[in-house]
Amino acid sequence: MAKPELLSGTLDLLVLQVLNGGPLHGFAIAERIHALSQDVLIVEEGSLYPSLYRMEEKGWIEPEWGQSDKGRRAKFYSLTKEGRKQLTAERQTWDRIALAIGDVLKNA
Amino acid sequence: MKLVRKIRFWLGGLFSRGRFNAEMADEMQHHLDLRIEKNLAAGMTPDEARYSALRTFGGAEQIKEECRDERSGAWLGQISQDLRYGLRILRKNPLFTTIAILSLALGIGAATSVFSLVDAILLGSLPVPNPQDLRVICWSGSDTRMMYITLTGDPVIPGRRAGGSFSKDVLLSLRKECAAQADIFGYSPFFGGTARARGLPVKVDGLLVSGNFFSGLGLQPLVGSLLGPEDEGEGSIPRVVISYRWWKQQFALDPGAIGQQVILNGNNYTIAGVLPQRFSGVCPGDVPDLYVSMSDKSLPMPGLPKDLPALWWIAVMGRMKPGVSTAQLQAVADVTLATQADKFVTKPNVYIADGRDGPVWKIGKYRNQLQLLMAVVGIVLVVACLNIGGLLLARGSARHHELSIRKALGASRQRIVRQLLTESALISVFGGGLGILAALWGRSVVSRLLAGSPKGLNYDAALDVRVLGFALVVTLLTVLLAGLFPALKAAKMHPQVGQSQRGGGGTPPLRAGQFLVAAQIALSLVLVTGAGLYFRTLVNLVSIEPGFAMDHLLSFAVDPGDSGYQASRTIAYFNEIQRVLSTVPGVKSVGLVSLPPLGSGLRTGRFTIPDRAPGGQDLTSAVLTVNETFFGTIGIPIIAGRDFRANDTDGALKVIIVNESFLRKFMVGVIPVGRTIKFGDTVWQIVGVCRDSKTFDIKKGIDPTIFFPVLQYPIGSASIVVRTLVSPSSVSKEVLSVVTAVDRNVPVGDISTEEQMRDRNITPERMLASCCGLLAAFVMLLSSIGLFGLMAYDVTRRTSEFGIRMALGATPTHIIRPILKRAIALASIGVAAGLPLTLVLIRLIRSNLYGVTPFDPETICVAVALLLAVVLIAAWIPVRRATKTDPMVALRCE
């Protein structure tokens, strides 16, 4: 079976969503998305990190160096106020699109 | 808040790049480590775990590069990175860098200095407010009856007589009648007055101006006040306005100069004010230092009543009143002129020209030389650009390997193009900067070249914004043209191709490079031929014998007449100078002549030959006044009759001496001595004939000349010639000091040797020859560097091929011959293309040549031979290197 690909632009949404639960480092973000999607979605590092740096640049997330649960130095990302706003906005957009696509698929 | 964060990011991008990169590496490593741990937990062996993690992760460096690109400060960091890398690359190739920067600097320097002058002469407006409102007012008519003085050159109106000078009456009428339409003002230049401020008397040029001259132009004084209508009245205290230049020369910019006295031609004037530095007169090329009211009695033509209605001597300009059209002014002025001037001009009309540049008719004199210089400089600039293009092209090819590695490491195509363009930009910034510095120096050279005198054309050609803009545009175009093509070519390349070609045989020969080199050779031929023709002209001019010995001869001008000397005192003054000079050790003899030998000045007079049938008609000859020691001192032999004597005085028989050309023209087949001519109202008897000599200008032919004795034909100013026994420059200081001591009120002109006078005659030719020679040598050097680069690239590219062939038994000749053949073919194509171009362009300099035709086959042959020789040498060096290749080394290059 072909590897399902993330729709472009949805990675940011997913990352923001998992960060909504609290600060995480890059590996944990990828793992969390993988797990929450029932092992369907695989976040590639080549997409994840540019996305993290882009969102940091936009001020949606904020990095902080801290200790991981295994006692190692890791860079944790957390949502900012703007990030939360962005998440709400993107979720609404996504919900509308998902509903719309669902309608089309059901009724066509 | 948002902005603060942005700035922090930018600064971070610039200054803490090291920490940023380290943290990013840490982050990625942490990710990898966790992935490996997870793999281990899933039961993989350590090796498998590591390998799988790395494979999933992908190219870490590429991800890092993408992350860096996400940062908003990224472009800043990248630019500074590009700049530093570019500088490092340039430093690594000092030869390439030097050649590229120097060729650009010279091209831009030459272009900017010439453009500065073109700008000042052809495009520049007068430095006054709203110059577009100014008009130059002239007249035209079908016939004229007046004493007309040409001041600023006259406009040309086909089928009619036209002029730019008016009488004082007409100026005043125009000013009055047209007052509603325009503010009309007048001025008239005077030259060679004698002025004395704080130091010794000096020669000055100046303007006589109407009272509303300065207000009409809209000028404000820098210090003090300017002349106004009150200065026009009779009996007003004579006031003078001085130029910034004169203020600096005479008063060292001392504001205390205002109110001080200047003695101008023996009369006292009070300094009213100083003009701003940027204003240097209204006529192109003339720079007046003193401005005096035109109602002044003593200037510029003592003896001629300046109010005379028949004397037309004032140039007129006007400033339009707001909302008035030129046609309205024309209508009113036409009526005024018709009523005021119909006695002097038949069917008069006013002709109104644009006045923003002042009267521009004089410019024509310089236009040809300016255009020629523009062409030469254009060629230099084009060759410089071609050369940089060729260099960048060859270097781009040589850098395949480096660029392919950068690409493999994640550099985007855009980034590589930007990097290469940054390098070109660096070259152009350095080259352009150096070029502007060169232009600052070069414009004075160009100005001297045009004026043909050491003082230079009096143009204050400041490097203004437009000129700088021009330099900038040229620089940027060069960068784009020369840098973009190689950059795009390099960026298109596939990384693997680049790597496999490491010094290999697969790179194509540089087709574009060949074209560039051929074009450079073609253009070089034009300049080398031009320089050759100028050089021959110069040689011809220097080898001209004037007809007297130029060595050990000094001359200088004295002007007692301007300092108020009357005729008898002038003679006494001249005698005193001769007496004190004869006491100076090293002086052999001293003579006096009205115009300096080879001083380029010529005075002519009309005479008749009464005893010759039919007689009566006016003849023209050059005239010189000399004393009885002149011919002996300068060494022009008297070939018939006698020399002047001390007793050829006012009361004695009026005598003259004529030269051979005079006889050939006016007295063919008669014995001249004893014959008479009528000059003025006096009959003069020819008592001697002197040998022909070039006393006026070394370049010109010899004019028929009449020599008058100074005691019978008085003069107010003269040149003293001094024949020395020792080197003339060793006594010139002593000569100057004893002459100055005779009367400190009399200005003594520059003392020069006769060789210097001759050199001044041929200054334009010398300057053009040296300028063209220098530029031609430079362009030839550039072309040979271009060819050298191309050949060196070719040889490097084919090193392994040569190695194989030599291993298989090829001799060096086998290898050299085809390469040299290609060099010669390239040069021949260049020459073939250059020859017709040369023949077309060289025609333009015909008027500047002396004793050589533009299509001089010898010069062209020598130029072609020289060019081919230089090309061969340039090709030979890299080719020789090819044959020295050790086959084993060459093969290992693969």
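Every chain is numbered from 1, with letters handed out A, B, ... down the list of sequences. The structure displayed is predicted, hence computed values, not measured ones. These values consider heavy atoms only, across backbone and side chains, with no hydrogens, waters or symmetry-generated copies.
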Checklist entry - Tell me, side chain or backbone of B/Lys38 under 4.5 Å from chain A's heavy atoms, or both, or neither? => result side chain
Item to check | Carboxylate-amine/guanidinium proximity below 4.0 Å for A/Arg73 and B/Glu27 | outcome: no
Checklist entry - Does CG belonging to A/Asp103 count more than 12 external heavy atoms closer than 6.0 Å? => result yes
Checklist entry - Which bit of B/Glu37 is near chain A, if near means a heavy-atom gap under 4.5 Å: side chain, backbone, both or neither? => result side chain
Item to check | Any side-chain heavy-atom pair of B/Asp33 and A/Arg72 under 4.5 Å | outcome: yes
Checklist entry - Going by heavy atoms in the side chains, are A/Lys75 and B/Met24 under 4.5 Å from each other? => result no
Checklist entry - With a 4.5 Å limit on heavy-atom distance, are the side chains of A/Tyr49 and B/His31 in contact? => result yes
Checklist entry - Within a reach of under 6.0 Å around OH of B/Tyr85, are more than 12 heavy atoms found that belong to other residues, nucleotides or ligands? => result yes
Next on the checklist: Counting only heavy atoms from other residues, nucleotides and ligands, does the tally under 6.0 Å from CZ of A/Arg54 exceed 12?
Outcome noted: yes
Next on the checklist: With heavy-atom distances below 4.5 Å as the criterion, would you say the side chains of A/Glu31 and B/Leu34 are in contact?
Outcome noted: no
Checklist entry - For the residue pair B/His30 and A/Ala74, what are the closest heavy atoms and their distance? => result CE1-CB, 3.2 Å
Checklist entry - Above 12 or not: heavy atoms from other molecules or residues under 6.0 Å from CZ of A/Arg91? => result no
